[in-house]
Asks: 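The structure is given below, and queries will be raised subsequently.
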Amino acid sequence: MARFDHEAAERRWQKAWDDAESFRANDSSAKPKAYVLEMFPYPSGRVHIGHVRNYTMGDVLARMRRAQGFEVLHPMGWDSFGMPAENAAMERGIHPGGWTRANIATMRAQLKRLGFALDWSRELSTCEPDYYGQEQALFLDLLAAGLVYRKESAVNWDPVDMTVLANEQVIDGRGWRSGALVERRKLSQWFLRITDFAEDLLAGLGTLNAWPDKVRLMQENWIGKSQGLQFTFQLDGTVPQGAAGHFDVFTTRPDTLFGASFAAIAADHPLAQALAANNPVLAAFVEECRAGGTSAADIETQDKKGFDTGLSVIHPLDQTVRLPVFIANFVLMDYGTGAIFGCPGHDQRDLDFARKYQLPVTRVVAPAGEENAAIQDEAYVGPGLLCHSAWLDGMTVDAGKAAVIGRAEADGWGKGVTQFRLRDWGVSRQRYWGTPIPVIHCNDCGALPVPRASLPIMLPEDVTFDVPGNPLDRHPTWKHVDCPSCGKPARRETDTLDTFVNSSWYFIRFASAPGDRPFDPVVAAQWLPVGQYIGGVEHAILHLLYARFWTRALQHIGMLDVAEPFAGLFTQGMVTQRTAFKRNKKTNNIVWVATNNVSSNNAGWSVESDTKRRVSLGRVEKMSKSKKNVIDPDDMLGRYGADALRWFMLSDSPPERDLAWSEAGIDGAARFIQRVWRLAETEAGGPADSQPDSDDKALRLLHRIIAAVTSDIDRLQFNKAVARLYELVSALERAPAGAGRRAGVIGLVQMVAPMAPHLAEEAWATLGQPGMVCDATWPLADPALLIEDTVTIAIQVNGKLKDSMEAAKGMDKSAIEAMALGRDKVVRALAAQPIRKIIVVPDRLVNLVV
RNA sequence: GCGGACGUGGCGAAACCGGUAGCCGCAGCGGACUUAAAAUCCGCUUUCCAUUGGAAGUGCGGGUUCGAGUCCCGCCGUCCGCACCA
């Protein structure tokens, strides 16, 4: 009996699928359509084991849907613009395009070796003009519809390299290359009006039943709808030069207004700017607030710092009260109005600030009887009644909110508003390797859209990365154009689009990709929304929210009649691997050792395989090049074959959880492949056509497993489907030869086919079945074969298991009770105590309470 | 700092609606086949006490219930996201 030869089978069947165009999606098919999509990869170099896991999951679903009679769209492409290509260009002096396209070629070959059922005819790459040119057209459509605008916004600025940095390039507040302290700097940038859709995006979450609850919750919190009061503080006394005499604040807690002890504004607030102009000390403080990165984590973990401006504002509910105005580093210009009132008693951040600057702390909300309990180290944010609040005393928090909003509106100093945490989407990037923003700046006519006829605006190829800054900006000719309106010399926009724009509509282009338009709305709508979208949970907010927005924006301007792009979403876990390290003898610094160069010696110690020197084992973490714990799929493909690798990716760990790579695990997968193959070979010469008896054990088990596996794959619980298939294999290995076993093996091969397709095709042919298994109809479980006539009933005494018994299914309560009371073990456990209560759950258990 | 999740044997895990905790795999132990090895097959494998059998057990501490891995409250730990990484 020959072992399964994975190399020969992979070659044979990959060619057979290609020749038959088995996985090409037909737009005009009459079958029901199923769109299965995995998040397309960034072509970073080589296929990562995490990609293999992601695409294997999608492939199993796509193949099963096809077998179930759907017309399946399962495409692949490349999210090929982005910063790593520019980094590679700077480090190695090569062109980002050359680097990217070489990576794509490598990775395409790797994916093909894995035997995915992909429609390669629809492959796209976002860095090619046929894609980004159409994206520019969409940008112009959104611009024309008023969904795009320009405003000033902060970026991370490296003062030594003279360049804008991404958040990930800021490490502990310093530029990653130069090590210089990063500053926040303002630039004029393009924004998309995602906030116009805040309410729709929030409401739409309610329709996404096939999304994980946690992702919906994360998006809900991200959008951050809150109701509150926006009101105006009037400055008391002389108004500083160049400033208004008042400023607006937003609060979600207008009920606590009597507890206010200060007001605070952002360092970038116009009032702060005006004051800084004439006050060098304050100007220095404002400058200090600008140091450090722009990310939320950077800003909010800074020490709370304030600067007393010496100004004060009049309390709107009590004209006799004055509140000092501070400039504070934790107040953000981007959220609300860039100014707050501080109520230390009921907001922890305000309390910390008040303690630091010795400001009064007043309790204005209290549970009954605690009105005079002083606030200590913790702000009180619980429920209660208002106190120390004049005419609000005794009201609930909610009633107080409504009362203050009512008074503000009646008196004209404020109004109730709905506020969103969501900010407009800044899409300008000061980088080369991205979609050029199709706009021309003219000194006389302003910022104008590029004429449609001149699309695509191509990226120039002749650029260098030997000097810092954006190569588009310093290119000798590229940016110089004539104004499309007045004809005078003008300049192109040299910023490119955020790569999240590229990934906000690629799934539409997969469904329909005409040469002269971004997509055909009728063809695209046939496939959309994507039935099942699969990718990493790290995309739970940004990518998924931007794609939802983009789709709604297209719907809003009448280009596509689809509201939500992804009907079903699944977020998969990472593939992790143990790390290993040794220490540098002089510095004691950690030196990572490649995991694939670590083995155990005779004494059971971990050593470097080549030098035999001892190493320490680190923790199991996400694979990364820097920690040298990356497993290359190509090695595994060569040693174990595509099917074993795919099988291991689906085994053991639930797909939403992290999967720890292990050599032993893939060994087990490879053994399973051989076991299935041996079963197929034992049936190779079997009868072509024979009917098993309906009470055949193998047949009954097969149908139970068909039902379980089908529903497991439906719910993407591949680890459970795998466990059931192991069970079937073990049973079939022991089953007597005959029609039942043969039927079992045929069914097994069909169910294994989505997971280990090469093995399944080879086995299918060996079994003498017609055609290819990828074209065979998915097996259906016969309900008549699933019915069992006996059940096992558990017997508990006081909720503790004492015995169990076999009984006919559907036996009535009193019969079960009588049967249970007659059992030896039960009699012993009861020890003649009187029974107070008996609970019987039919077909399940009896609980005797004494 | 804010937001989200997760925690069950030596390990990855399973457990429908609150109803017999640990399916399946890995590792381990014992055995068969073999001159030997590989491959394969059979058995055992939560912990503790024990002779039949019994007790404990799902991160920790409480609670609800006839009954809690599952529901509620409070801790502890780990991981993920935070708007210019993709």
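Order of the sequence lines sets the chain letters (A, B, ...), proteins ahead of strands, with each chain counted from 1. Bear in mind the structure is a predicted one, so any value in this text is a computation, not a measurement.
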Asks: A:Q430 near the nucleic acid: base, sugar-phosphate alone, or nothing, with a heavy-atom cut-off under 4.0 Å?
Replies: base
Asks: It should be established whether A:S653 places a side-chain nitrogen or oxygen under 4.0 Å from OP1 or OP2 of nucleotide B:G12.
Replies: no
Asks: May I ask you to verify if any side-chain N or O of A:N847 is less than 4.0 angstrom from the OP1 or OP2 atom of B:G19?
Replies: no
Asks: Between A:R216 and B:G4, is there a side-chain N or O to OP1/OP2 distance below 4.0 Å?
Replies: no
Asks: Any idea which of B:C24, B:A83, B:G12 is nearest the A:L542 side chain?
Replies: B:A83
Asks: Tell me what A:N719 touches on the nucleic acid: a base, only sugar-phosphate, or nothing, going by heavy atoms under 4.0 Å.
Replies: sugar-phosphate
Asks: Considering only NZ, NE, NH1 and NH2 on the basic side and carboxylate oxygens on the acidic side, decide whether A:R431 and A:E86 come within less than 4.0 Å.
Replies: no
Asks: Under 3.5 Å, is there a donor-acceptor pair linking the side chains of A:S804 and A:T792?
Replies: no
Asks: Would you please confirm or rule out a distance under 4.0 Å between OP1 or OP2 of B:U40 and any side-chain N or O of A:R675?
Replies: no
Asks: Identify whether any heavy atom of A:V722 sits under 4.0 Å from a base atom; if not, whether one sits that close to sugar-phosphate; answer base, sugar-phosphate or nothing.
Replies: nothing
Asks: Can you see whether A:W222 has A:R421 sitting over its ring - NZ or CZ less than 6.0 Å from the centre and within 45° of the normal?
Replies: yes
Asks: If we take the P atom in both B:C2 and B:C75, what is their distance in whole Å?
Replies: 14 Å
Asks: Does A:R657 make a side-chain N or O approach to OP1 or OP2 of B:A14 shorter than 4.0 Å?
Replies: yes
Asks: Quick one: is A:K800 getting a side-chain N or O under 4.0 Å of the B:G54 phosphate, OP1 or OP2?
Replies: no
Asks: Look through every strand shown and name the nucleotide pairing with B:G7 as Watson-Crick or G-U wobble, where both distances are under 3.5 Å.
Replies: B:C76
Asks: Answer yes or no: is there an ion pair linking A:D352 with A:R349, defined by an N-O contact shorter than 4.0 Å?
Replies: no
Asks: Between B:C11 and B:G28, how many Å separate the two C1' atoms, rounded to a whole number?
Replies: 11 Å
Asks: Classify the nucleic acid contact of A:L845 as base, sugar-phosphate or nothing, counting any heavy atom under 4.0 Å across all strands shown.
Replies: base
Asks: Of all the choices, B:A13, B:C23, B:G81, which nucleotide is nearest to the side chain of A:P654 once you look at every atom?
Replies: B:A13
Asks: Just to be sure I understand the rule, does A:F500 reach a base, reach only the sugar-phosphate, or reach nothing, if contact means heavy atoms closer than 4.0 Å?
Replies: base
Asks: Please state whether the phosphate of B:A27, meaning OP1 or OP2, lies under 4.0 angstrom from any side-chain nitrogen or oxygen of A:R671.
Replies: yes
Asks: Map A:D803 and A:Q717 onto RNA chain B by nearest heavy atom, then report which one ends up closer to the 5' terminus.
Replies: A:Q717
Asks: Which of the following nucleotides, B:A55, B:G43, B:G81, is nearest to the side chain of A:K802?
Replies: B:A55
Asks: Under 4.0 Å: is that the gap between some side-chain N or O of A:R423 and OP1 or OP2 of B:A83?
Replies: no
Asks: Find the partner of B:U52: check Watson-Crick (N1-N3 plus N6-O4 or O6-N4) and G-U wobble (N1-O2, O6-N3) distances, both under 3.5 Å, and reply none if neither fits.
Replies: none
Asks: Taking atom P in both B:A38 and B:C48, what distance in whole Å separates the two?
Replies: 31 Å
Asks: NA contact type, A:Q189, heavy-atom cut-off 4.0 Å: base, sugar-phosphate, or nothing?
Replies: base
Asks: What distance, rounded to whole Å, do you find between the two C1' atoms, one in B:U45 and one in B:G30?
Replies: 11 Å
Asks: When you measure from the side-chain N and O atoms of A:N221 to the phosphate of B:G4, is any distance below 4.0 Å, counting only OP1 and OP2?
Replies: yes
Asks: One thing to verify: whether A:E727 and A:R724 come together as a salt bridge, which I'm taking to mean a side-chain N less than 4.0 angstrom from a carboxylate O.
Replies: yes
Asks: Looking at B:A86, I'd like to know if its phosphate oxygens (OP1 or OP2) sit under 4.0 Å from a side-chain N or O belonging to A:T499.
Replies: yes
Asks: Of the nucleotides B:A56, B:A21, B:A13, which one has an atom closest to the side chain of A:L801?
Replies: B:A21
Asks: So does A:R828 get a side-chain nitrogen or oxygen closer than 4.0 Å to the phosphate oxygens (OP1/OP2) of B:G53?
Replies: no
Asks: Take atom P in B:C41 and the same atom in B:C26, then report the distance between them in whole Å.
Replies: 10 Å
Asks: Does A:F81 have its ring centroid less than 6.0 Å away from the ring centroid of A:Y132?
Replies: yes
Asks: Using atom P of each nucleotide, how far apart are B:G22 and B:A83 to the nearest Å?
Replies: 46 Å
Asks: Pairing check on B:C2: which nucleotide meets the Watson-Crick or G-U wobble criteria with it, both distances under 3.5 Å?
Replies: B:G81
Asks: Please find the pair of heavy atoms, one from A:I194 and one from A:R423, that lie closest to each other, and give the distance.
Replies: CG2-O, 3.3 Å
